[in-house]
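Everything numeric in this text was worked out from a predicted model, so none of it was measured.
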Amino acid sequence: MNLNIVILAAGKGTRMKSDLPKVVHPVGGIPMVQRVVNAGMALGQGHVVLVVGHGAQRVQALFEQQSNVHFALQAEQLGTGHAVSMALNTLQEHGPTLVLYGDVPLIQPESLKPLLQAAQQRQVGLLTLNMQDPTGYGRIVRNEQNQVCGIVEHKDATPEQLAITEINTGILACPTPLLRKWLAGVSNHNAQGEYYLTDIIGMAYRDGVPVIASHPAHHWEVLGVNSRTQQAELERFYQNQQAHKLLEQGVCLADPARIDIRGTLHCKADVFIDAGCVFEGEVHLANGVHIAQNCYLKNVRLGANTRIEPFCHLEQAQVGEGARIGPYARLRPGSELAEHTHVGNFVELKNAKLGPESKANHLSYIGDAQVGARVNIGAGTITCNYDGANKHQTTIEDDAFIGSDTQLVAPIRVGKGATLGAGTTLTKDAPAGALTVSRTKQMSVAGYKRPVKTPK
Ligand code: UD1
Ligand code: CA
């Protein structure tokens, strides 16, 4: 289906008190206007036009990679009708036009389908909502036959009209040639001196074009963001929705009100997630994964039955099944842990592979390293991978044992089954099967007297 999608995003968002244009602020980790574009695109082959104004460049920059998103500039914000007019000459003539808002980020494609159906049948589809407190919104005016015959803005409404509780969400779909015709007739003779998009509803009625009103599946889909408070409210609606989807999929959440998903979380069966965890990007959790409280995972893939203990920070990491990470572990980008590995407290890995059953249980830095299977890395082991200019590789072969407090000055290799004595500073490769130790000789001074403090 040919479909035009006009998204209004020219407003400044003064009440956000931010240098960033309002529609660039995120909900669920994704800029609001990006969410709206995604919802529109989910409807099929839409020709998307963003009407930009304030902070136009910042908004446009979000879509640099998307050549199918087009822009129309509204230099002065003279009203919603004026805004849509700015997009008219970029629209395809065939198919309807859907109007969405860059600051109404949670709209779901399902709720838009009835509007498109109406617009494809030479009708106008209008998304409306009944509200207990309709203050501020445009009211839906109906005739004696209950047909929609107009929208009156709050500031222009009579006391009788103010009592109407059915409000205009602003979202509508309309045959494109009719939209052109009606917009050409919109004036700004009203309380706000603005060109109202809503005036086209009365024009449709007068032209005998039926206006079909439908409601969104959830009221939060049509809530707009004008302030940080409203942004925070929508964030909670969104997160609550995510959490309940996970619960329905069979994920066990310690508290659905204390999880934040700013991307996509894919969970297999019997996953447990404790309170205070944050997920970003694409996170994949296999069967039986257990994530304890206050963990941060970004673009991570965890194998079956792996346990992440409290307070871990994992980014761009892959972990095999049955592994145990944390508490207080940090897996930086390029960490690849095989099955049944253990990474304990205050251990940092970066660009490092750990083979099956290998362990680094305490206080270590393993960077730019290839570690084999069944290796034991003692407390306080450090790969000295950086010489101030270049990064160098450390290789530790299978079954090696690295004593505590060891420095591995890369590039370096520890052979298969090698043992490094505690406190070794390894500057030459350690041969397989041997004990390598670098240590100053121990001595004792008999009868040594410690200095004593002189009393004052
Ligand atoms: C509009 C509707 C009102 C509806 C309400 C729902 C009109 C005249 N009124 O009122 O019936 O109940 O939305 O929230 O349409 N914008 C531009 N350029 C402009 C004007 C607005 O891009 O020149 C953008 C704004 O940034 C905003 C959106 O359009 O994202 C809505 O504009 P706003 O001025 O907030 O409309 P309301 O007065 O709330
Ligand atoms: Ca508004």
Side-chain angles (χ1 to χ4, degrees), residues 26-30 34-35 38-39 41-43 105-113 216-221 223 232-331 335-344 356-357:
V27 168
I30 296 176
Q34 175 79 64
R35 286 196 172 275
N38 293 349
M41 295 225 172
L43 294 166
L106 298 184
I107 187 69
Q108 303 295 303
E110 268 322 293
S111 296
L112 297 171
K113 285 181 182 162
H218 315 93
H219 83 282
W220 44 257
E221 291 182 40
L223 295 179
E233 280 166 7
L234 254 63
E235 182 73 28
R236 283 307 106 202
F237 278 119
Y238 175 77
Q239 294 300 345
N240 184 48
Q241 175 82 352
Q242 299 299 298
H244 282 90
K245 268 191 204 159
L246 290 172
L247 292 172
E248 270 154 43
Q249 283 165 29
V251 177
C252 180
L253 301 179
D255 182 355
R258 285 183 290 166
I259 178 171
D260 287 86
I261 300 160
R262 301 173 191 155
T264 314
L265 177 56
H266 309 266
C267 294
K268 289 277 164 54
D270 294 309
V271 167
F272 170 79
I273 301 171
D274 211 334
C277 294
V278 176
F279 299 89
E280 281 188 26
E282 297 284 318
V283 175
H284 294 261
L285 306 180
N287 286 349
V289 164
H290 180 109
I291 306 200
Q293 69 268 31
N294 298 310
C295 291
Y296 172 83
L297 284 79
K298 178 177 184 180
N299 296 325
V300 166
R301 199 174 269 275
L302 301 184
N305 301 315
T306 281
R307 286 181 74 88
I308 310 294
E309 303 295 350
F311 307 107
C312 289
H313 189 286
L314 279 60
E315 181 174 356
Q316 254 170 271
Q318 272 197 50
V319 181
E321 60 179 61
R324 209 179 66 210
I325 316 290
Y328 300 102
R330 178 166 186 209
L331 303 186
S335 298
E336 283 179 39
L337 279 59
E339 61 274 16
H340 304 292
T341 44
H342 290 180
V343 169
E357 292 173 54

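- In terms of the side-chain contact (heavy atoms from CB on, under 4.5 Å) criterion, residue partners of Lys268 (sequence neighbours excluded) are, by chain and number, Asn287.
- Residues passing the ring pair (Phe, Tyr, Trp, His ring centres under 6.0 Å) test with His342, sequence neighbours excluded: none.
- Residues passing the salt bridge (Lys or Arg N to Asp or Glu O under 4.0 Å) test with Lys245, sequence neighbours excluded: none.
- Leu247 CG to Leu253 CG: the interatomic distance, rounded to the nearest 0.5 Å, is 4.5 Å.
- Residues forming a side-chain hydrogen bond (donor to acceptor under 3.5 Å, both in side chains) with Arg35 (at least two apart in sequence, or on another chain): Tyr238.
- Scored by the ring pair (Phe, Tyr, Trp, His ring centres under 6.0 Å) test, His340 finds no partners at all (sequence neighbours excluded).
- Using a 4.5 Å heavy-atom threshold, the side chains of Gln239 and Ile259 count as separate.
- Across all non-hydrogen atoms, the minimal contact from Ala286 to Val271 is O-CG2, 3.4 Å.
- A search for salt bridge (Lys or Arg N to Asp or Glu O under 4.0 Å) contacts involving Arg262 returns Glu280, not counting sequence neighbours.
- Proximity of Leu331 to Val300: side-chain heavy atoms (C-beta onward) are nowhere separated by under 4.5 Å.
- Judged by distance alone, the side chain of Asn305 and the main-chain N or O of Val289 form no donor-acceptor pair under 3.5 Å.
- Residue Val27 comes nearest to Pro105 through the heavy atom pair CG2-CG, 4.2 Å, listed as atom of the first residue, atom of the second, then distance.
- The two residues Gly326 and Cys312 have their closest heavy-atom pair at CA-SG, 3.5 Å.
- Within 6.0 Å of the CD atom in Glu110, the count of heavy atoms belonging to other residues, nucleotides or ligands does not exceed 12.
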Report task. With side-chain contact (heavy atoms from CB on, under 4.5 Å) as the test, would you mind laying out the steps for Gln242 and Leu246 before giving the verdict? Result -> CA-CA 6 Å; Gln242 299 299 298; Leu246 290 172; 5.6 Å; no
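- Put simply, SG on Cys277 and CD on Gln293 are 7.5 Å apart, with the number rounded to the nearest 0.5 Å.
- Scanning for salt bridge (Lys or Arg N to Asp or Glu O under 4.0 Å) contacts around Arg301 gives an empty result, with sequence neighbours left out.
- At a threshold of 4.5 Å between non-hydrogen side-chain atoms, the residues Leu297 and Leu302 count as touching.
- No side-chain donor-acceptor contact under 3.5 Å links Ser335 to the backbone of Gln316.
- The ring pair (Phe, Tyr, Trp, His ring centres under 6.0 Å) test applied to His244 returns no partner, not counting sequence neighbours.
- The shortest heavy-atom contact between Ala275 and Ala254 is N-CB, 3.8 Å.
- Note on residues 317-329: no pairs pass side-chain hydrogen bond (donor to acceptor under 3.5 Å, both in side chains), not counting sequence neighbours.
- In this structure, the side-chain contact (heavy atoms from CB on, under 4.5 Å) partners of Glu221, at least two apart in sequence or on a different chain, are Ile107, Gln108, Ser111, Pro216, Ala217, His218.
- Here Lys298 contributes atom NZ and Glu315 contributes atom CD; the two are 5.0 Å apart, rounded to the nearest 0.5 Å.
- Taking both residues in full, the closest heavy atoms of Ala338 and Ala323 are given as O-CB, 4.5 Å, listed atom of the first, atom of the second, then distance.
- Shown here are the side-chain hydrogen bond (donor to acceptor under 3.5 Å, both in side chains) partners of Asp255, two or more places apart in sequence or in another chain: Arg258.
- Atoms CZ and CG, on Phe311 and Asn294 in that order, are 4.5 Å from each other to the nearest 0.5 Å.
- Considering only heavy atoms from C-beta on, Phe279 comes within 4.5 Å of Ile273 through its side chain.
- For the atom pair Leu106 CG and His219 NE2, the distance stands at 10.5 Å (nearest 0.5 Å).
- Here the straight-line distance linking atom CG of Leu223 with atom CZ of Phe237 works out to 6.0 Å at 0.5 Å rounding.
- Remark: Asp274 engages no residue in a salt bridge (Lys or Arg N to Asp or Glu O under 4.0 Å) (not counting sequence neighbours).
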